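What you are looking at is a predicted structure, and each value in this text was computed from that prediction instead of being measured. Residue numbers start from 1 in every chain, and the chains themselves are labelled A, B, ... in the order their sequence lines are given, proteins ahead of strands.
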There are 2 protein chains.
Amino acid sequence: MGQGVPAGGRIVRPNPIADDGSDQKFCSTCAFGAACVGNGVDKIRLSELHCLVEHVGPYRPGQSIVRTGDRFGAIFAVRSGTVKTRLVDLEGRELVLGFHLPGELIGLNAIHAETYPCDAVALDTVEVCRFSFPALATLATRIPQVQQELFRRLSKDLGEANLRKQEATADERLAAFVLNLSARYEARGFPADSLHLAMSRSDIANYLGLAAETVSRVLRRFQDTGLLKVDGRDVKLCEVAALRDVAKNLLHR
Amino acid sequence: MGQGVPAGGRIVRPNPIADDGSDQKFCSTCAFGAACVGNGVDKIRLSELHCLVEHVGPYRPGQSIVRTGDRFGAIFAVRSGTVKTRLVDLEGRELVLGFHLPGELIGLNAIHAETYPCDAVALDTVEVCRFSFPALATLATRIPQVQQELFRRLSKDLGEANLRKQEATADERLAAFVLNLSARYEARGFPADSLHLAMSRSDIANYLGLAAETVSRVLRRFQDTGLLKVDGRDVKLCEVAALRDVAKNLLHR
DNA sequence: CGCAATCTTGAAAAGGCTCAAAACGGGTGG
DNA sequence: CCACCCGTTTTGAGCCTTTTCAAGATTGCG
């Protein structure tokens with residue numbers, strides 16, 4: 001556990017709320033600890049991060065982790081399950097911004113307005129780590145690696161958000177989507193060729209800027225041509241090379 | 001000018017290269033100084049920023065400020081002119097990521113890979129401020145407001161990048177584009193109802209995910225219906241309320 | 001077992017793209 | 001000063017991918 005340590009005239013103290021009495025649940029034992037906090041921070045200092053993390057959940061499918069307009073106070077790392085971020089406009093139409101797997105962060109886009117600009121909704125059973133942002137920012141001034149890791153995460157998300165705007169056919173989008181999910185699961189130690197979609201067809205469609213019917217049709221065609229094996233929300237990648245070829249315009253840039 | 005000041009065991013010294021001998025060109029006299037470095041940093045500490053800024057340019061139309069793959073070492077603030085960021089894929093097709101007006105930052109998306117992920121090209125005569133990123137990051141650990149401002153900028157860009165993915169008709173896109181440019185110019189003290197486009201129709205089209213012909217046609221129609229007065233690259237906003245109405249699905253969310 | 005939500009499938013409509021060509025505008029050189 | 005040339009912009013017409021609308025099939029769950 002971290003002790004109170006002087007930091008630019010401030011004192012960072014262990015957060016009794018965060019320290020929920022179950023040390024073994026902390027990130028050192030979390031399957032996604034490394035992915036979550038990055039590799040730049042050495043083990044000893046990592047314990048200081050633990051002092052400001054708070055485990056929250058489980059959330060049930062459909063429950064909100066944050067809501068649009070909520071006051072920004074923390075960023076969240078997904079521990080388990082899948083989280084959808086989305087906007088709902090005045091007419092009730094939804095815009096799906098992204099899907100977040102374990103180890104990925106939510107709330108970085110809220111720093112600016114000091115208000116969450118979108119909902120974060122659990123798609124299945126979800127547990128998260130809550131990082132108080134003021135505390136994290138203070139820690140970042142003391143530990144350059146923490147600052148750097150935050151900059152890096154923001155920068156990475158920014159770059160990826162920018163890339164998502166390129167126009168492409170429905171086939172390209174779906175192939176890239178499946179490959180992207182596969183790669184993200186694989187990076188977390190799950191099999192790369194077999195994945196379960198936590199989100200509905202219409203969520204996928206909305207995220208990719210397509211109609212739900214189109215998603216259905218393309219998936220069907222991918223199955224007919226042997227690229228995928230689709231069984232409801234279970235997807236098996238059969239011809240990864242061929243998928244990559246379909247998605248090539250969206251991948252190597 | 002800033003003196004060397006201890007900072008977490010490091011010394012930050014005035015950068016002789018940055019201090020190009022023309023104090024009056026520094027941001028305190030720069031028209032966009034306030035917009036550029038933000039309002040969180042008080043005047044005295046702002047002088048420390050000056051020690052690590054370097055004025056670069058002018059660049060002529062078509063010249064690159066950074067190229068894809070260049071080693072990341074600095075972020076840039078546009079001082080004058082308009083900068084286009086873009087990707088060029090293997091087949092030579094261009095993808096326009098954004099346009100940057102004076103006061104806006106370039107290069108934040110390069111922190112992650114430590115390599116610029118896109119080209120930044122001058123559309124007209126462009127001058128920029130160069131901020132060494134390592135120096136800026138070090139300063140950020142000493143001055144929380146600088147850190148906060150960087151987080152905020154990244155967060156803002158991230159949020160805006162996410163919004164740009166929503167699908168919309170050509171009319172909605174164009175109307176929103178013109179209104180967005182207008183608002184950005186206005187925030188910098190330029191007239192809001194009369195603007196000059198530094199970019200070509202095909203750049204606009206590419207940025208908005210449309211064909212150049214479509215941009216031309218929609219602009220024509222906007223002119224015919226009295227929303228705009230278009231003369232080449234000079235655009236006059238005649239019916240702002242009506243434009244807002246056309247773009248409403250892309251604005252208030 | 002039956003309802004409700006999700007997913008699939010088919011046929012028709014539409015918005016924007018492609019291709020092609022003409023108009024325009026701004027430099028350059030005679 | 002004018003003719004010419006190049007790149008950009010505009011305009012037209014047909015086409016194509018995806019959407020929409022409308023049913024029907026599945027699935028999960030009370």
Side-chain angles (χ1 to χ4, degrees), chain A residues 60-62 82 84 91-96 121 123-125 165-178 196-225 228-235 246-247 249-250, chain B residues 60-62 82 84 91 93-96 121 123-125 165-178 196-225 228-235 246 249-250:
Chain A
R60 298 296 160 199
T82 303
K84 165 175 82 173
E91 285 85 31
R93 286 171 305 210
E94 188 177 17
L95 175 66
V96 175
V121 181
L123 290 179
D124 43 21
T125 301
K165 61 170 274 193
Q166 51 205 311
E167 52 179 337
T169 66
D171 284 26
E172 288 171 326
R173 283 173 209 249
L174 253 309
F177 177 73
V178 170
H196 179 81
L197 305 174
M199 66 294 289
S200 68
R201 297 286 193 269
S202 57
D203 277 342
I204 297 173
N206 190 315
Y207 174 68
L208 295 177
L210 299 170
E213 294 93 327
T214 306
V215 172
S216 200
R217 280 185 256 264
V218 173
L219 248 26
R220 181 83 169 72
R221 186 148 32 75
F222 281 178
Q223 164 145 283
D224 290 348
T225 52
L228 297 177
K229 177 87 186 19
V230 184
D231 177 20
R233 294 187 175 186
D234 291 312
V235 176
V246 171
N249 290 326
L250 292 178
Chain B
R60 298 297 160 197
T82 303
K84 166 176 81 171
E91 285 84 32
R93 286 170 306 211
E94 189 177 16
L95 175 67
V96 176
V121 182
L123 289 178
D124 44 22
T125 301
K165 62 169 274 193
Q166 52 206 310
E167 52 179 336
T169 65
D171 284 27
E172 289 172 323
R173 284 172 208 249
L174 254 308
F177 177 72
V178 170
H196 179 80
L197 305 174
M199 67 294 289
S200 68
R201 298 287 192 269
S202 55
D203 277 342
I204 297 173
N206 191 316
Y207 174 68
L208 296 177
L210 299 170
E213 293 93 327
T214 305
V215 171
S216 197
R217 280 184 258 262
V218 173
L219 250 25
R220 180 82 168 73
R221 187 149 29 78
F222 281 178
Q223 164 143 284
D224 290 348
T225 51
L228 297 176
K229 177 88 183 21
V230 183
D231 177 21
R233 295 190 175 183
D234 291 312
V235 175
V246 172
N249 290 326
L250 291 178

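- Taking atom CD of Gln223(A) as the reference point, atom P of dT9(C) lies 9 Å away to the nearest angstrom.
- Not one side-chain nitrogen or oxygen of Thr169(A) sits closer than 4.0 Å to the OP1 or OP2 atom of dT17(D).
- In the set dC7(C), dT18(C), dT19(D), dT19(D) carries the atom at the smallest distance from any side-chain atom of Thr214(A).
- When rounded to the nearest whole Å, the span between CZ of Arg93(A) and P of dT20(D) equals 11 Å.
- Atom-to-atom, CG of Leu219(A) to P of dT6(C) comes out at 17 Å; the value is rounded to the nearest Å.
- dT8(C) atom P lies 10 Å from atom CD1 of Ile204(A), rounded to whole Å.
- Summary of the strand contacts: Ala212(A) and Ala212(B) both lie near DNA chain C, and taking for each the nucleotide with the nearest heavy atom, the more 5' one is attributed to Ala212(A).
- Counting to the nearest Å, the P atom of dT20(D) and the CG atom of Asn206(A) are 12 Å from each other.
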**OP:** Could you walk me through whether Val96(B) and Met199(B) pass side-chain contact (heavy atoms from CB on, under 4.5 Å), step by step?
**Re:** CA-CA 11 Å; Val96(B) 176; Met199(B) 67 294 289; over 6 Å; no
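- Ranking dT18(C), dT18(D), dT9(C) by closeness to the Leu210(A) side chain, first place goes to dT18(D).
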Original post:
Can you list the steps and then say if Lys84(A) with Glu94(A) is a side-chain contact (heavy atoms from CB on, under 4.5 Å)?
Top reply: CA-CA 11 Å; Lys84(A) 165 175 82 173; Glu94(A) 188 177 17; 2.8 Å; yes
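- Minimum heavy-atom separation, Gln223(B) to Val230(B): OE1-N, 2.7 Å.
- Here the closest non-hydrogen pair linking Leu123(B) and Ala198(B) is CB-O, 3.8 Å.
- Donor-acceptor pairing under 3.5 Å, judged by distance alone, is absent between the side chain of Arg201(B) and the base of dG7(D).
- One can place CD of Glu213(A) at 10 Å from P of dC21(D), the figure rounded to the nearest angstrom.
- Atom CZ of Arg173(B) and atom C1' of dC17(C) are 13 Å apart (whole Å).
- Not one side-chain nitrogen or oxygen of Arg217(B) sits closer than 4.0 Å to the OP1 or OP2 atom of dT10(D).
- A pairwise comparison of heavy atoms in Glu167(A) and Arg173(A) identifies CA-NH2, 3.8 Å as the closest pair.
- Residue contacts shown for Ser216(A) include a base, since a base heavy atom lies under 4.0 Å away.
- Atom CG in Leu174(A) sits roughly 13 Å away from atom P in dC7(C) (whole-Å rounding).
- Using a 4.0 Å heavy-atom cutoff across all strands shown, Arg233(B) reaches sugar-phosphate atoms only and no base atom.
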